Amino acid sequence: MKGWTKSVILASRLLLLGAEFRGPSAAILMYHSVMPDPAQYVDSLDGIIHSQSSFRQQMEMLARDYHPISLDDLTSKLRTGRALHRHSVVITFDDGYSDNYEIAMPILNELGIPATFYVTVDCIENRRLPWPSRLRWTLRKTSLARWADSHGNIWSLADSAARQQAFLAACDDCCRFSGKIQDEFVDRFERELDTAVPGSFGSLMMSFDQLKGLVRHGHIVGSHTMSHPNMAHITEEEARRELSESKARLESGLNSPITHFSYPCPALSPHWNERTVEQCRTLGYDSAVTANSGLTKPGDSPLQLKRIHPTKTVPGLRWNLESAFAGRRI
Ligand SMILES: [Zn+2]
């Protein structure tokens, strides 16, 4: 749908009317990174960066026109059946970038918006980017003309479209690995293509001190695994380790219970399944968010929560929220 058509529909308040006839629900928004100048890191983080100004504008709109609540508030309402405020929104961040603490948190604090930050523990402890960003950087920066994958396929790196195809193929392989085997895959990949993301990029990840600062300011820290694999495509034992070790490390580092989890969605579908949901339950998580699109309604399973893509603009965010609250698929 064209931008002006969306503007006309939003201005007509038809979607708001539609939402009136639907029950209460909450939108969990999925953010990653917030930077003053997103272009600076586009070759590693690509489209997951919000500019500081657009993030601020989106938060101001949410504080003014919606009802921001914490994830604990939402899950407690789901558990107890207490009524959800109409147009509730929950802010979440994936991966654990230091800009979450340095740039996003002051804006959230100023506006009184609580948020949840899901962190990839291995990336926090070792100060390095999650593997998709490392693969992306290598494929965009290599001077080689082709890449041979482990299945014998040769990928041209002649232009940016070809490099993107090779990146997606590399992601399909790497997301099936966790821990040491994943490390070996990325190391080999960087060796073969003769380039690696600079070590200084490790400072893009939060430190444990910053995580403690988030908690001190009333925000929630959750787990986004140890090594960011696709949880539905690794073994049962590996998935258990990703869930339990990340929880234990964060709990000992922050000295507080970690009860919220976010499924990484690096590549391939699905990125969670019944087995991983059961593992979350038995290992003591109260909630788990997916990257599937949709709202949270009373009666939904707290271990398979959907989220809403915030887009990069205020009208885009408003459109996605109003459409979802009115029952449209987005
Ligand atoms: Zn992630």
Side-chain angles (χ1 to χ4, degrees), residues 28-35 38 41-50 55 71 90-101 104 115-137 167-168 170-179 182-183 185-186 197 201-202 204-206 210-211 214 220-234 238-239 241-243 245-247 249-250 258 260-273 276 280 285 287-293 304-310 312:
I28 306 176
L29 293 166
M30 176 173 63
Y31 289 89
H32 287 85
S33 167
V34 182
M35 294 186 179
Y41 290 101
V42 74
D43 285 326
S44 49
L45 273 57
D46 199 24
I48 62 173
I49 313 171
H50 274 70
F55 180 75
L71 184 64
V90 175
I91 307 297
T92 68
F93 290 80
D94 279 3
D95 294 348
Y97 300 107
S98 51
D99 56 66
N100 293 181
Y101 175 84
T116 297
F117 299 84
Y118 300 106
V119 301
T120 311
V121 176
D122 184 49
C123 295
I124 299 289
E125 290 183 341
N126 294 304
R127 308 305 301 276
R128 63 181 181 192
L129 294 180
W131 62 262
S133 292
R134 295 172 60 196
L135 297 188
R136 182 183 291 112
W137 170 276
F167 168 69
L168 295 176
C171 287
D172 279 3
D173 280 348
C174 193
C175 77
R176 300 166 198 266
F177 304 130
S178 67
Q182 183 199 90
D183 278 347
F185 179 97
V186 178
V197 75
F201 280 37
L204 293 178
M205 305 312 297
M206 272 192 280
Q210 290 177 320
L211 294 181
L214 293 173
I220 295 171
V221 170
S223 164
H224 194 43
T225 72
M226 287 301 293
S227 61
H228 209 273
N230 181 317
M231 294 290 280
H233 286 79
I234 56 177
E238 287 171 316
R241 181 184 162 272
E242 292 285 331
L243 287 163
E245 198 163 324
S246 59
K247 188 177 196 295
R249 300 266 188 115
L250 288 170
I258 298 295
H260 302 289
F261 180 75
S262 165
Y263 285 103
C265 180
L268 293 182
S269 182
H271 60 292
W272 55 276
N273 57 26
T276 61
C280 281
Y285 286 101
S287 86
V289 290
T290 70
N292 288 21
S293 181
Q304 306 167 66
L305 297 173
K306 294 173 179 163
R307 287 191 283 183
I308 298 282
H309 177 56
K312 297 287 168 38

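Heads up: numbering here begins at 1 and tracks the sequence. The model shown is predicted, which means the values in this text are computed figures rather than measured ones. In each ligand, atom 1 is the first atom listed, and ligand 1 is the first ligand listed.
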message: What count do you get for protein N, O or S atoms closer to the Zn ion (ligand 1) than 2.8 Å?
response: 3
Under the side chain to side chain donor-acceptor pair (under 3.5 Å) test, residues paired with H233 that sit two or more places apart: N230
task: Measure centre to centre between the rings of F185 and W131, then say whether the value is under 6.0 Å.
output: no
query: Passes side chain to side chain donor-acceptor pair (under 3.5 Å), T290 versus Q304? Steps please.
result: CA-CA 6 Å; T290 70; Q304 306 167 66; over 6 Å; no
- prompt: So, the side chain of Y285 versus the backbone of L243: is there a donor-acceptor pair under 3.5 Å, distance only?
  reply: yes
Counterpart residues, ring-ring contact (aromatic ring centres under 6.0 Å, His included), relative to Y101 (two or more places apart): none
message: Once ring-ring contact (aromatic ring centres under 6.0 Å, His included) is applied, do any residues pair with Y97, and if so which ones, sequence neighbours excluded?
response: none
